[in-house]
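Hydrogens, waters and symmetry mates are skipped; everything else that's a heavy atom, side chains included, is used. Start at 1 and go down the list; that is how both ligands and their atoms are numbered.
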Amino acid sequence: MRIYLSPPDVSDAEREALVRGFDSGWIAPLGPEVSAFESELAETAGRSRCVALSSGTAALHLALLNAGVGPGDRVLTQSLTFSASANAVMYTGAEPTFVDSEASSWNMDPDLLADALASKDNTYKAVMTVDLYGQCADYERIEAICAEHGITLIEDAAEALGATYRGRPGGSFGDTAALSFNGNKIITTSGGGALVTDSDAAADKALFWSTQARDDAPHYQHSELGFNYRMSNLLAALGRAQLIGLEAKVDRRRDHNKFYRAALGDLPGFEFMPEIEGGRSTFWLTALTIDPDLAGVDRETVRLALVEREIEARPLWKPMHLQPFYSSNKMIGGGLSDRLFDHGLCLPSGSTLANQEREEIVGIVRAAVAAA
Ligand SMILES: *Cc1c(COP(=O)(O)O)cnc(C)c1O
C-alpha cells in the first residue's frame with residue numbers, strides 16, 4: 001500500500017460528528033458547531049477570538065486586509081514556504097518581498113528582517129512569518145523588531161497548530177495568525193482554515209468580509225467588497241472531533257521525528273531540521289538535508305528510491321524567489337533557502353504512519369546510501 005507524506009487521520013469519532021452536524025438540521029452554512037469550534041480553536045491558539053473560514057489561504061488574505069494592505073503596498077514574507085503565503089499577498093494587490101531563512105530555525109532570518117525595516121527604502125506595510133514544517137519562527141526577536149517599527153505582524157501558522165514557543169502556542173504570535181485544516185495538515189476539516197487574533201475589531205471585520213460584506217439592512221446592501229470564505233457547520237463538527245485528538249497527533253509526529261533522527265542521524269551528510277531553542281515543533285513533516293559530498297548520494301537518489309517503493313517523499317518547499325511566477329520579486333539575503341531546497345527531503349510523517357512503515361522507510365534510505 002502506498003505510503004503518503006501526511007494523509008488525513010480520521011476515525012469513527014469524525015464520522016459521528018459529521019452525522020451529528022447533519023442530524024442537527026444545521027446544514028445551511030452556519031450553526032452551533034461553527035461557534036463551538038471557534039471557541040475551542042481560540043483557546044488552543046491562546047487567542048481571544050477566532051473566525052472559522054474555508055481555507056488557511058482565506059485567513060491569510062483577511063489578515064492582510066485587516067492590516068490595511070492593498071494595491072501598491074509591499075509585504076515582507078519568507079521565501080521558503082508554500083505558495084499560499086505569497087499568493088495571499090497578491091490577492092490584495094500588494095507585492096511580496098522575500099526574506100531568506102536563518103540556519104537555526106529555517107524560518108525568517110530576524111537579522112535580515114531588522115535590516116529591511118531599518119533601511120531607507122522601508123515602505124513595507126506588513127510582515128508575514130511562516131512556521132515552517134510546524135516550527136515557530138524566532139518570535140522573541142521578530143515580535144520585538146516589528147513592535148519597534150510599529151509594523152503589523154501576521155503569523156502563517158498553517159502547519160503549527162499544537163506547536164509551542166517559549167510557553168506560547170502556535171497561532172498566538174503577531175497581530176493575527178492563520179491556521180489551516182487542509183487534508184494534509186495536523187488536523188483536517190477536509191478543507192478549511194481559521195483566523196485567530198486578540199483584536200475584536202479584526203475578528204469582527206474578518207467575519208463581515210467572509211460573509212460577503214453585508215451591511216446591516218433588510219435588503220442586500222454592500223458598502224465594501226466581500227468574500228464567500230466562511231466555514232460550514234458540517235465541517236466545523238468534523239474539526240471539533242479532530243481537535244480533541246490534537247495533542248496525540250502532534251505527539252505521534254514528534255515520535256516519528258525522534259525515530260528518524262535516531263535511525264538515520266549517524267549517516268554522514270544527513271542533517272535534520274534543527275529545533276529552535278525554547279520551541280516545540282509539531283514536526284508536521286520531518287525534514288532533513290543530505291550533503292552529497294559527505295553522504296555519497298544526493299537527495300534525488302534517496303527520494304527516487306522511496307518513490308520507486310510507492311513511498312511519497314518530497315523536496316522541501318521550492319523557495320518563492322525561485323518560482324517562475326515570483327522570479328522578478330525582490331529577495332533579501334539569499335543562499336540558505338536555495339541550499340535547503342537543493343538538498344532537503346521531507347519524509348512521511350502523518351499521525352497514521354505505522355512503526356513498521358517507518359522502519360521500511362529507514363531501510364530503503366540506508367540501502368540507497370549503502371549502494372552509493
Ligand atoms: C497549507 C498552507 C497554507 C494554506 O492553507 P490552505 O488551508 O490549504 O489554504 C498556507 N501556508 C502554509 C505554510 C501552508 O502549509
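- One finds a salt bridge joining Arg254 and Glu275 here, because a Lys/Arg side-chain nitrogen approaches an Asp/Glu carboxylate oxygen to under 4.0 Å.
- Of the heavy atoms in Thr81, only side-chain atoms (C-beta onward) come closer than 4.0 Å to ligand 1.
- Between Trp317 and ligand 1, no pair of N/O atoms sits closer than 3.5 Å.
- Heavy atoms of Asp156 found under 4.0 angstrom from ligand 1 belong exclusively to the side chain.
- Phe98 has its ring centre less than 6.0 Å from the ring centre of Tyr326.
- Each of the following atoms of ligand 1 lies closer than 4.0 Å to a heavy atom of Val130: 13 (C).
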Under the criterion salt bridge (charged side-chain N to carboxylate O under 4.0 Å, His left out), I'd like the reasoning laid out for Arg358 against Glu360: C-alpha separation, chi angles, the key distance, then a yes or no. CA-CA 5 Å; Arg358 66 192 194 185; Glu360 184 190 337; over 6 Å; no
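- With respect to atom 13 (C) of ligand 1, the closest heavy atom belonging to the protein is Glu159 OE2, 3.3 Å.
- Close contacts of ligand 1 with Ser55, meaning ligand atoms under 4.0 Å from a residue heavy atom, involve 7 (O), 9 (O).
- Ion pairing between a basic and an acidic side chain is recognised when a charged N comes within 4.0 Å of a carboxylate O; Arg303 and Glu312 show no such pairing.
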Would Ile142 and Leu153 satisfy side chain to side chain contact (heavy atoms under 4.5 Å, CB included), going step by step from the backbone distance to the final call? CA-CA 9 Å; Ile142 291 174; Leu153 172 62; 4.1 Å; yes
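- From the protein, the heavy atom lying nearest to atom 5 (O) of ligand 1 is Ser180 OG, 3.2 Å.
- Of the protein's heavy atoms, Thr57 OG1, 2.5 Å lies nearest to atom 9 (O) of ligand 1.
- Salt bridge Asp251/Arg280: present, at least one basic N to carboxylate O contact under 4.0 Å.
- One finds no salt bridge joining Glu159 and Lys185 here, because no Lys/Arg side-chain nitrogen approaches an Asp/Glu carboxylate oxygen to under 4.0 Å.
- A salt bridge links Arg252 with Asp255: the closest approach of a Lys/Arg side-chain nitrogen to an acidic carboxylate oxygen falls below 4.0 angstrom.
- At the shortest separation from atom 2 (C) of ligand 1 among protein heavy atoms lies Lys185 NZ, 2.6 Å.
- Residue Ser85 has at least one heavy-atom neighbour below 4.0 Å for each of these atoms of ligand 1: 11 (N).
- A salt bridge does not link Glu95 with Lys330: every distance from a Lys NZ or Arg NE/NH1/NH2 to an Asp or Glu carboxylate oxygen is 4.0 Å or more.
- Ligand 1 is approached by Gly192 to a heavy-atom distance shorter than 4.0 Å.
- Heavy-atom proximity to Ala84, at under 4.0 Å, picks out these atoms of ligand 1: 3 (C), 4 (C), 10 (C).
- Not a single heavy atom of Gly193 lies less than 4.0 angstrom from ligand 1.
- Taking distance alone, with nitrogen or oxygen atoms compared against 3.5 Å, Gly56 approaches ligand 1 more closely than that limit.
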